[in-house]
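Below is one structure, written out as structure tokens, with a few remarks after it.
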Amino acid sequence: MKYTKIIGGFVAAAAISLGSAASAADQQFISIGTGGVTGVYYPTGGAICRLVNKSRKEHGIRCAVESTGGSVYNINTIKAGELEFGVAQSDWQYHAYNGTSKFEDNPFPEIRAMFSVHPEPFTLLVRADSGVTKFEELVGKRVNVGNPGSGQRATMEVVMGAFGVTMDDFALATEYKGSEMAKQICDGNIDAMIYTIGHPAAAIKEATTTCDVKLISVNGEGIDKLVEENPYYRTAVIPGGTYAGNPDDTRTFGVGATFVTSADVSDDVAYVVAKAVLANLDDFRGLHPAFANLDAAQMIKDGLSAPLHPGAERAYKELGLMD
Ligand code: GLU
């Protein structure tokens with residue numbers, strides 16, 4: 001009797017371990033590259049993973065988020081096959097796909113679009129005591145031009161070109177990353193910072209509630225020309241009152257945050273991720289205030305220069321968003 005029980009117990013244990021080995025093999029891991037933890041990309045990745053993980057029992061995909069240097073880093077790391085997905089500015093998605101600008105020697109024709117997310121105005125924040133009232137007045141100041149790999153650093157170089165300003169024109173050009181900028185500007189180590197970012201953003205809230213800093217409009221002829229000549233730029237307004245101490249509208253230009261992947265990622269995985277977000281858009285909108293105005297028809301089209309991943313296309317057809 002005792003002997004039989006042991007055998008029975010052993011058989012049952014073996015069955016259990018076989019069972020869990022099978023489900024571990026079925027499980028797939030995907031990682032999303034985002035940006036600094038006080039930016040909007042990081043919570044965007046978190047919101048996407050949350051919706052994917054919610055239906056894990058149906059598809060076996062486990063989604064994780066990584067804080068990274070930003071757009072350009074994410075695109076290059078997806079290209080290297082070390083990330084499956086990433087958030088990237090629409091201008092850098094365009095250049096990666098077309099092999100232009102920063103991607104001239106490093107094209108990524110296999111980059112694929114999933115959907116676009118929130119608008120990202122090019123945001124210039126200065127210390128009130130710096131006296132800066134427009135972009136041109138950054139000359140002679142200590143300016144954080146952004147960490148290499150970030151979208152804002154790459155876009156800053158374009159904006160500097162439009163205004164005919166070089167790095168040597170600044171008293172100091174620093175490369176603090178997104179999560180460090182608010183502290184640096186409030187500690188008085190820099191006069192100005194730029195961030196291409198959705199609003200409201202934790203990093204800008206942190207600075208505007210800690211010290212006296214002002215959002216500055218970035219406009220004029222050079223910017224009008226950029227917007228006219230490039231499909232991925234738009235004029236943008238940061239509404240007055242979004243941040244403490246900044247009651248007036250800020251006029252600037254901007255890009256869109258987009259969600260990208262590679263043609264090497266399987267159709268089934270891209271389908272699951274696209275469907276998790278677009279089929280649950282009401283839930284997604286509630287996960288960050290920058291998502292408040294997202295619209296499904298715009299998300300599957302606007303700011304996407306690379307072809308849609310076929311898996312995403314399948315999801316949108318099934319959801320009736322595409323013919
Ligand atoms: N647009 C920034 C970048 O491409 C990131 C903004 C964010 O983290 O929300 O690096």
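Both backbone and side-chain heavy atoms feed into the values below; hydrogens, waters and symmetry mates do not. Atoms within a ligand are numbered from 1 in the order they appear, just like the ligands themselves.
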Suppose we call two aromatic rings close when their centres sit under 6.0 Å apart. Are H309 and Y271 close by that rule? no
So the atoms of ligand 1 within less than 4.0 Å of a heavy atom of G70 turn out to be 10 (O)
Considering only the protein, which heavy-atom contact is closest to atom 10 (O) of ligand 1, and what is its distance? G151 N, 2.8 Å
Close-contact set for ligand 1 against V40 heavy atoms, below 4.0 Å: 7 (C), 8 (O), 9 (O)
Short list, please: which atoms of ligand 1 are under 4.0 Å from a heavy atom of S150? 10 (O)
Among all protein non-hydrogen atoms, which one is nearest to atom 2 (C) of ligand 1, and what is the separation to 0.1 Å? Q152 OE1, 3.0 Å
Enumerated ligand 1 atoms positioned under 4.0 Å from heavy atoms of Q89: 1 (N), 2 (C), 3 (C), 4 (O)
For ligand 1, which atoms sit closer than 4.0 Å to a heavy atom of I197? 9 (O)
Decide yes or no on side-chain contact (heavy atoms from CB on, under 4.5 Å) for K183 and M181, but give the supporting numbers first. CA-CA 5 Å; K183 182 171 174 9; M181 293 193 279; over 6 Å; no
Test item: side-chain donor near acceptor, Q184 and N189, under 3.5 Å: yes
When only distance counts, is Y41 in polar contact with ligand 1, meaning an N/O pair under 3.5 Å? yes
Among all protein non-hydrogen atoms, which one is nearest to atom 1 (N) of ligand 1, and what is the separation to 0.1 Å? T196 O, 2.7 Å
With sequence neighbours excluded, what pairs up with F85 under the ring pair (Phe, Tyr, Trp, His ring centres under 6.0 Å) test? F259
Just checking, any donor-acceptor pair under 3.5 angstrom between side chains of S116 and D302? no
Looking at F291, does the NZ or CZ of R285 lie under 6.0 angstrom from its six-membered ring centre and within 45 degrees of the ring axis? no
Which atoms of ligand 1 are found less than 4.0 Å from any heavy atom of G39? 8 (O), 9 (O)
Suppose I only count heavy atoms of S71 and a 4.0 Å limit; which atoms of ligand 1 are within that range? 3 (C), 4 (O), 10 (O)
Working to the nearest 0.5 Å, report the span between OH of Y233 and CD1 of I223. 8.5 Å
Over 60° means perpendicular and under 30° means parallel, so tell me whether Y232 and Y94 are parallel, tilted or perpendicular. tilted
